[in-house]
Amino acid sequence: MFLTALTGFVLLPVYVMLSSSLKPLSDVSGAFHWLPSELTVRPYLDIWRTVPLVRYFTNSLIVAGSATVCSVVIAVFAAYAVSRYRFRGKRLFTVTVLSTQMFPGILFLLPLFLIYVNIGNATGLALYGSRGGLILTYLTFSLPFSIWMLAGYFASVPRELDEAAYVDGCGALGALFRIVVPAALPGIVAVAVYAFMTAWGEVLFASVMTNDTTRTLSIGLQGYSTQNDVYWNQVMAASLVVSVPVVAGFLLLQRYLVAGLTAGAVK
């Protein structure tokens, strides 16, 4: 009974979004009605013309995809070093990585903004208002958690497998890519999904670090609101469209995600 009520509570906003996206603007501008008086797919056609949604979609894919790839690649090497080797400052490094998750992201907004502007003034490298700067910003969020999670997952892979790889003639990189990475694939997928979802829906830094050319979907959806009106049916339609990649990716990788999270937590 409780799960049924909870499921209905979760699905209720989805129904409101879906029904509102199939209504004319006049129907959604007044009092809400549970059943549409008129069904139309016009909002799904208009969303591409009201704002440059394709450009925002492209920016989000490039930024989120690049941030995910960079986060996973760097985290794999860093986590392997933390889980397999002893080096000076190892404990300080792991504590520092975890401590970055204690602070709210808004604390880093002004420092990153000033750093990007000063770097641009000193070197001509355009980080502020560029996709590269936004990718670098998202790495500061996803990378610490990715390293911490993969380090625990790599530690669960028996060291005897590495030693067997060394006997067969593999070096450290060979053992990593031939033994550890395949064994830790669920954890790597879980980290990739986390990094992508973090970058895909981020609003605060995207609203400051982007311009009209590099604006992402989370900020571009504000374009459906004008001084005179808000195109609520198009907002709902665009929200459903932009959520498709995340939902589809989550459903496809769900078994890897669950396996990665549970194994990393238990072992």
Side-chain angles (χ1 to χ4, degrees), residues 10 12-14 16-18 20-21 28 43-44 46-48 50-72 100-117 119-120 126-146 190-227 229-250 257:
V10 171
L12 183 61
V14 179
V16 173
M17 291 177 62
L18 181 60
S20 299
S21 68
V28 295
Y44 288 91
D46 292 338
I47 58 175
W48 308 100
T50 304
V51 300
L53 193 62
V54 175
R55 185 172 67 198
Y56 299 154
F57 209 101
T58 303
N59 290 336
S60 290
L61 283 178
I62 293 176
V63 171
S66 301
T68 300
V69 171
C70 293
S71 180
V72 170
T100 59
Q101 304 298 298
M102 299 171 55
F103 305 99
I106 195 172
L107 291 180
F108 302 101
L109 180 59
L110 182 58
L112 281 176
F113 173 79
L114 295 177
I115 290 172
Y116 286 178
V117 171
I119 289 177
L127 291 177
Y128 172 72
S130 66
R131 294 171 179 168
L134 196 59
I135 293 170
L136 188 61
T137 300
Y138 290 157
L139 281 177
T140 63
F141 303 147
S142 60
L143 192 56
F145 176 82
S146 301
V191 166
V193 172
Y194 165 79
F196 186 86
M197 294 180 64
T198 300
W200 184 263
E202 202 278 328
V203 175
L204 177 62
F205 285 82
S207 63
V208 177
M209 298 296 186
T210 60
N211 52 34
D212 292 338
T213 304
T214 59
R215 190 168 295 163
T216 57
L217 282 171
S218 57
I219 305 303
L221 292 179
Q222 297 177 2
Y224 295 105
S225 175
T226 65
Q227 292 182 350
D229 206 348
V230 179
Y231 302 104
W232 288 112
N233 53 349
Q234 295 187 38
V235 172
M236 298 296 103
S239 300
L240 290 173
V241 169
V242 302
S243 64
V244 168
V246 176
V247 174
F250 180 82
L257 179 63

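Excluded from the calculations below are hydrogen atoms, water molecules and symmetry mates; all remaining heavy atoms, backbone and side chain alike, are included.
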| query | Which pair of heavy atoms, one from Leu139 and one from Ser71, lies closest together, and at what distance? | reply | CD2-N, 3.6 Å
| After noting the C-alpha distance and the side-chain angles of Tyr138 and Val63, does the key distance pass the side chain to side chain contact (heavy atoms under 4.5 Å, CB included) rule? | CA-CA 9 Å; Tyr138 290 157; Val63 171; 3.5 Å; yes
| Min side-chain heavy-atom separation Tyr56-Ser60 under 4.5 Å | no
| query | For Tyr128, which residues count as a side chain to side chain donor-acceptor pair (under 3.5 Å) partner, sequence neighbours excluded? | reply | none
| task | Find out whether Ile47 and Tyr224 are in side-chain contact, i.e. whether some heavy atom of one side chain is under 4.5 Å from a heavy atom of the other. | result | yes
| task | Tell me yes or no: between the side chains of Ser142 and Thr198, is some donor less than 3.5 Å from an acceptor? | result | no
| Does a sphere of radius 6.0 Å around CD1 in Ile106 hold more than 12 heavy atoms from other residues, nucleotides or ligands, not counting ones at 6.0 Å or beyond? | no
| request: Start with the C-alpha distance between Arg131 and Asn59, add both sets of side-chain angles, then the distance that settles side chain to side chain donor-acceptor pair (under 3.5 Å), and finish with yes or no. | output: CA-CA 7 Å; Arg131 294 171 179 168; Asn59 290 336; 2.6 Å; yes
| task | Assess whether atom OH of Tyr116 is packed by more than 12 heavy atoms of other residues, nucleotides or ligands within 6.0 Å. | result | yes
| said: Let's go through Phe57 and Trp200 carefully: what are the C-alpha distance in whole Å and the side-chain angles of both, what is the deciding distance for ring-ring contact (aromatic ring centres under 6.0 Å, His included) to 0.1 Å, and is it a yes or a no? | reply: CA-CA 10 Å; Phe57 209 101; Trp200 184 263; 5.7 Å; yes
| note | Heavy atoms of Gly133 and Ser130 approach each other most closely as N-OG, 3.1 Å
| query | Are any side-chain N or O atoms of Ser20 and backbone N or O atoms of Met17, one a donor and one an acceptor, separated by less than 3.5 Å? | reply | no
| query | What are the two closest non-hydrogen atoms of Ser239 and Leu221, and how far apart are they? | reply | OG-CD1, 4.1 Å
| Separation between CZ of Phe108 and CD1 of Ile115, rounded to the nearest 0.5 Å | 10.5 Å
| task | Indicate yes or no: at least one non-hydrogen side-chain atom of Leu53 is less than 4.5 angstrom from one of Leu217. | result | yes
| request: Please name all residues satisfying side chain to side chain donor-acceptor pair (under 3.5 Å) with Thr50, sequence neighbours left out, ordered by chain then number. | output: Gln234
| task | Decide yes or no for Trp48 and Val241: does some side-chain heavy atom of the first lie under 4.5 Å from some side-chain heavy atom of the second? | result | yes
| note | Heavy-atom closest pair (Ser21 atom, Leu240 atom, distance to 0.1 Å) is OG-CD1, 3.8 Å
| Would a distance-only check, ignoring hydrogens and angles, find a side-chain to backbone donor-acceptor pair under 3.5 Å from Thr214 to Thr210? | no
| task | Please identify each residue that fulfils side chain to side chain contact (heavy atoms under 4.5 Å, CB included) with Leu12, with sequence neighbours left out. | result | Trp34
| remark: Here the gap from Met209 atom CE to Leu109 atom CG, rounded to the nearest 0.5 Å, amounts to 5.5 Å
| task | To the nearest 0.5 angstrom, please state how far the CG atom of Leu112 sits from the CZ atom of Phe205. | result | 5.5 Å
| task | Evaluate the criterion side chain to side chain contact (heavy atoms under 4.5 Å, CB included) for residue pair Val117 and Leu114; output intermediate values, then yes/no. | result | CA-CA 5 Å; Val117 171; Leu114 295 177; 5.8 Å; no
| said: Looking at every non-hydrogen atom in both residues, tell me the closest pair between Pro13 and Val10 and how far apart they are. | reply: CD-O, 3.1 Å
| note | Closest heavy-atom pair, Gly129 versus Asn211, reported as atoms and distance to 0.1 Å, is O-ND2, 3.2 Å
